[in-house]
Amino acid sequence: MPHLSTYVGLADHSEKTLADSLRAVAEGHAAEADVFHTCHLLAGWSDAHRERLRPVVERYGEDDSVTEPERLHADGLAEVRAGQVGLLRDLQDLHVLATLVQTTWTVVAQGAQGLRDRELLEIATSANAETSRQLSWLNTRMKAAAPQALIVDPAR
Amino acid sequence: MTDRIADIWGERTPHAKGTVWPARVDLHLDEGVREEDVEAWVPSACVLCSNGCGCDIAVKDGRMVGVRGRATDVVNHGRLGPKGLYGSTPWASSPDRLRRPMVREGGRLVETDWETAMGRVVQESRRLLEENGPLTHGFYTSGQLFLEEYYTLAVIGKAGLGTPHMDGNTRLCTATSAAAFKESFGADGQPGSYTDIEHCDAIFLYGHNMAETQTVLWARILDRTRAEDPPVVVCVDPRRTPVAEEAERTGGVHLAPRVGTNLALMNGLTRELFERGWIDEAWVAAHTIGVDDLRAVVEPYTPEEVAATCGVDAGDLRRAAEIFGTSDNVLSTVLQGFYQSHQATASAVAVHNLHLLRGLIGRPGSGILQMNGQPTAQNNRECGADGDLPGFRNWNNPRHVQELADLWNVDPLTIPHWAPPTNAMQIFGYAEQGSIELLWISATNPAVSMPESARIRRILGSDRCFVVVQDLFLTETAQLADVVLPAAGWGEKTGTFTNVNRTVHLSEKAVEPPGEARSDLDIFLMYARAMGFVDRAGDPLPSWNSPEEAFDAWRAASAGRPVDYTGLSYDKLRGPTGIPWPVDEEAPEGTDRLYTDPVFPTDTDRCETYGHDLVTGAAVTEQEHRAMAPNGRAFLKGAAYTPPHEEPSDDFPLLFTTGRTVYQFHTRTKTGRARSLHEAAPDAWVELSTTDADALGISEGDVVRVESPRGTIEVQARIGQVMPGAVFAPFHYGSWDLDGLAPDQQHRQANELTMTVWDPVSKQPYFKTAACRVTRVRAGDGPAPAPTTAASAPPPARRRAVPPTAGGGPTTSEVLPETPTYPNDPAAGTSHPAPTRTIAGRS
Ligand code: SF4
């Protein structure tokens with residue numbers, strides 16, 4: 001099952017990228033108290049998904065050798081942008097990363113169903129549900145930030 | 001002559017379950033004024049807490065000289081508490097009232113006339129609108145204006161300017177109450193009634209030291225708990241309050257969870273209901289959605305698990321759950337111990353869940369009272385000066401927005417509904433970043449009341465933001481303003497307000513305001529006219545000029561919404577009692593309790609919000625809401641406990657929590673100017689447990705330094721009754737009456753230590769979860785200035801070392817031989833032996 005193991009690896013990798021990026025945004029925009037606390041909280045969710053996935057990774061092996069899906073690996077946010085518009089752009093980037101995580105879980109869940117791997121199916125489904133909540137928060141926060149950032153941000 | 005400083009709740013009038021609460025009329029007049037000297041009694045209600053006790057203002061020689069409780073009012077049946085009695089009127093004739101407008105000249109505030117002061121505001125406002133549009137404007141109001149003033153400001157902000165940046169001090173005191181209602185029931189609105197006290201078998205008080213925050217309501221409870229068939233009281237509070245003592249007296253439980261762990265405790269109680277089968281399955285199936293998810297969320301919270309997290313006894317938790325699960329009728333009340341603490345909305349919603357699981361709602365004795373802190377906070381929520389849309393409308397629902405656009409005759413796109421309303425913390429954040437450049441603050445004092453005071457002072461004092469303050473006095477906030485506008489206060493203007501029990505009172509003008517002071521309504525209208533706001537027909541916006549016209553406009557705005565005022569008028573409110581909304585054709589005399597049907601306003605087209613993720617605050621979308629098809633059923637929503645944002649560490653090993661004392665209100669603008677109240681609690685203090693005090697070598701009255709990562713205070717220590725590991729400080733004490741001291745010696749403001757963090761759903765800041773350390777500085781000159789009469793009392797073993805708090809001015813108190821008839825009272829018609837004793841004090 002080379003491709004399922006690739007996708008299990010991708011799930012693990014993209015969750016890590018998302019968690020790291022959430023933490024980078026939390027620290028970079030720490031003056032926004034809600035962004036600071038919520039991004040740390042959501043990063044913890046991604047950590048927990050990886051933790052639960054670990055036995056599965058051990059079972060299937062995390063296959064990074066297949067070259068083709070390599071292109072799917074997204075880079076995380078190395079550093080954040082300044083100001084309100086910067087925050088908006090960073091939240092957008094997080095949204096892209098979380099979307100990759102979510103579609104990955106969807107694909108993994110399909111594979112797990114095919115293999116009747118109940119453990120993996122349960123992990124993929126519950127992680128997917130929490131990724132939805134991460135995405136909802138990012139959406140909500142972007143909506144709240146947008147008018148002020150686009151119209152009156154003093155750094156514009 | 002009763003000293004109501006020493007005797008906070010007054011004489012008991014115990015009565016049997018299911019009978020009407022007897023009437024007792026309390027009165028206080030200024031020294032030297034006799035009852036027969038009073039020239040006029042002007043009807044109103046007290047504005048020194050959210051209880052809204054009906055009263056009449058005594059007027060003599062054009063001055064307010066005292067107050068008398070109204071025997072016929074449904075809220076208080078004639079009673080008043082110490083704050084209402086002593087604090088209602090002295091501030092009005094205080095020599096330091098603001099009499100003329102002021103503007104900043106060369107760094108100093110100097111007196112000027114209205115034309116100059118308002119001219120500056122308008123000039124700045126116009127300039128900013130031209131340069132950057134309405135998002136440069138922010139408004140921060142209060143929980144102390146009148147309904148007419150909130151609604152007028154809401155229309156100015158939403159239809160005139162078009163800014164979403166409008167909030168009030170209500171965010172600090174009552175936002176969680178509103179948010180929790182919206183999440184569970186679809187819209188704001190207090191389900192229960194005070195009359196539930198007379199009919200319940202158990203009363204749960206969650207983070208609510210009612211004995212100090214709403215003294216008259218507590219007197220109402222004491223009149224049942226001291227009767228022969230008392231309800232059982234359960235108290236959730238980290239301090240040993242009078243409520244906790246009453247819990248023990250009535251065979252209930254005092255649960256003292258570690259600060260910041262409320263939600264774990266609530267999840268534990270909820271799990272017990274499931275485990276023990278104390279669920280009304282049929283009712284739950286018919287009237288709620290979400291029970292399976294809730295069961296799954298609370299599953300891990302076994303009593304032992306909760307005991308470990310919260311530091312409570314597992315047996316006590318089981319006992320509390322049993323009281324809730326097996327009493328026929330339960331009343332729950334909730335306040336700041338939940339609202340201003342970690343996971344606020346989720347914890348408040350958990351109280352609803354308990355009631356919904358047993359179907360304990362909508363009938364006498366089974367009610368929920370999510371309380372408010374401030375007297376008119378309710379109107380801020382209703383009228384939309386807190387950012388919400390007026391009439392509990394949903395900013396996410398285009399039809400609701402269109403209704404308002406039609407009402408005001410403006411383009412719906414003017415009305416800021418493209419994003420969630422900006423909460424107070426975010427408004428100050430935008431001002432800090434420089435994108436809000438005009439901040440208008442009315443009748444509140446954020447320099448003392450908001451968290452992390454140093455930051456708030458920096459924002460208000462900065463040159464980047466033009467600050468307008470309208471108030472009664474030159475408060476700590478006003479001192480930082482660019483323009484200060486003198487306002488008329490309670491008794492100096494006419495308007496209505498609504499208490500926490502949905503009861504609407506008309507407060508009539510009794511005297512003229514001092515100097516050139518004007519009502520807040522007149523000030524807002526003066527700005528609107530000077531700015532030339534008009535509707536699509538070119539007519540002035542707002543379209544009214546007087547309080548009564550504003551009230552009638554509001555009635556129209558409320559029509560058909562859950563908060564329906566259409567059946568009310570100034571004339572109707574001139575009757576013997578306040579009237580609880582909704583008042584419409586179906587309920588022309590008002591409504592004692594909601595959800596008797598029980599149909600909840602959760603329908604997608606009717607609700608005030610589609611709801612949120614209680615953990616992250618993420619908004620539920622319209623499609624998601626519609627897919628759930630709530631159709632009048634209430635939501636059961638759960639959330640997992642997460643540890644607080646700041647936990648004790650080696651450097652800061654204790655937990656800092658703030659709160660109130662019985663004799664002071666808010667930042668003492670009024671109560672600090674009343675002799676009896678001031679002397680009862682003249683200065684700040686902190687409370688430590690005996691254990692911590694002993695370990696730190698601190699004795700009663702020692703001056704201690706309390707430090708958090710954000711600031712420091714130095715005050716005297718009371719060895720008190722907080723739980724070990726916790727430090728309590730009252731938040732009332734700023735610097736306005738410390739004239740003799742240099743600013744660097746004024747170290748007593750509790751909010752110097754609190755942190756900038758808020759609830760993800762209600763956006764209410766958390767005042768009760770900061771870490772701190774305490775060190776002894778020196779011996780004090782006597783005991784701490786903390787009252788001994790309530791929760792700040794020393795523990796019993798140490799009580800004798802501290803003189804008891806007393807010394808209030810004379811008051812009278814008379815139990816009426818015949819209890820009046822109260823409209824809507826479910827016990828009406830029941831007779832109970834009328835108390836015949838005349839209570840001490842009546843000469
Ligand atoms: S309980 Fe509240 S409203 Fe009633 S008199 Fe006291 S302060 Fe005033």
Side-chain angles (χ1 to χ4, degrees), chain A residues 18 22 25-48 81-88 91 94-95 98 102 122 125-126 129-156, chain B residues 128 131-138 162-165 293 296 342 396 416-423 425-437 451-452 455 464 612-621 624 639-640 642-646 755-761 763 765-766:
Chain A
L18 178 59
L22 280 162
V25 171
E27 296 300 327
H29 294 282
E32 305 280 341
D34 63 327
V35 172
F36 175 81
H37 291 294
T38 314
C39 284
H40 274 297
L41 176 81
L42 299 185
W45 292 5
S46 290
D47 293 345
R81 305 167 177 92
Q84 288 293 298
V85 178
L87 172 65
L88 197 56
L91 293 172
L94 289 176
H95 196 276
Q102 184 162 53
E122 203 286 313
T125 316
S126 61
E130 285 199 332
T131 313
S132 289
R133 294 171 66 190
Q134 291 172 320
L135 283 163
S136 294
W137 180 78
L138 290 165
N139 250 322
T140 301
R141 193 62 182 82
M142 278 190 283
K143 255 185 123 167
Q148 202 72 3
L150 299 183
I151 303 170
V152 275
D153 183 12
R156 73 196 175 283
Chain B
L128 290 171
E131 286 175 9
N132 282 324
L135 301 186
T136 50
H137 285 54
T163 176
H165 307 323
D293 286 346
H342 187 54
N396 236 333
H417 65 282
W418 51 79
T422 318
N423 68 80
M425 302 303 289
Q426 189 70 63
I427 288 176
F428 278 80
Y430 287 152
E432 185 174 33
Q433 290 157 7
S435 70
I436 285 183
E437 295 175 78
E452 212 178 335
R455 170 171 175 264
R464 297 171 72 184
H612 298 85
D613 185 318
L614 295 185
V615 177
T616 65
V620 175
T621 64
E624 288 164 342
T642 59
H645 297 301
E646 187 167 284
M755 63 192 299
T756 301
V757 55
W758 57 87
D759 184 71
V761 181
K763 319 292 185 198
Y766 293 161

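Proteins get letters first, then strands, A, B, ... in listed order; numbering begins at 1 in each.
Residue with the most contacts toward chain B among Ala144(A), Ala146(A), Gly44(A): Ala144(A) (heavy-atom pairs, distance under 4.5 Å). Between chain B and the options Leu135(A), Leu42(A), Thr140(A), heavy-atom pairs under 4.5 Å are most frequent for Thr140(A).
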For salt bridge (Lys or Arg N to Asp or Glu O under 4.0 Å), just list the numbers for Lys763(B) and Asp34(A), CA-CA rounded to whole Å, side-chain angles, deciding distance to a tenth of an Å, and then say yes or no. CA-CA 9 Å; Lys763(B) 319 292 185 198; Asp34(A) 63 327; 5.6 Å; no

Intermediate values then yes/no, side-chain contact (heavy atoms from CB on, under 4.5 Å), Gln134(A) and Leu18(A): CA-CA 10 Å; Gln134(A) 291 172 320; Leu18(A) 178 59; 3.6 Å; yes

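There is no contact between Pro760(B) and chain A, counting heavy-atom distances below 4.5 Å. Heavy atoms closer than 4.5 Å to chain A are found in the side chain of His165(B), but not in its backbone. With a 4.5 Å cut-off on non-hydrogen atoms, Glu32(A) touches chain B through its side chain but not through its backbone. Interface remark: Val615(B) contributes backbone and side-chain atoms alike to the contact with chain A (heavy atom separation under 4.5 Å). Both the backbone and the side chain of Trp418(B) have a heavy atom closer than 4.5 Å to some heavy atom of chain A. Looking at Thr642(B), the atoms closer than 4.5 Å to chain A (heavy atoms on both sides) all sit in the side chain, from C-beta outward. In this structure, chain B has no heavy atom under 4.5 Å from any part of Leu138(A).
Ring geometry for Tyr766(B) against His342(B) counts as perpendicular: the plane angle is over 60°, on a 0 to 90° scale with 30° as the lower cut.
Under the side-chain contact (heavy atoms from CB on, under 4.5 Å) rule, Met142(A) has a single partner from Leu88(A), Leu87(A), Leu94(A), which is Leu88(A).
Between the Glu452(B) side chain and the Met755(B) main chain, no donor and acceptor come within less than 3.5 Å of each other. Remark: side-chain polar atoms of His137(B) are not paired, donor with acceptor, to backbone N or O of Thr163(B) under 3.5 angstrom. Not a single donor-acceptor pair under 3.5 Å links the side chain of Gln426(B) to the backbone N or O of Asn423(B).
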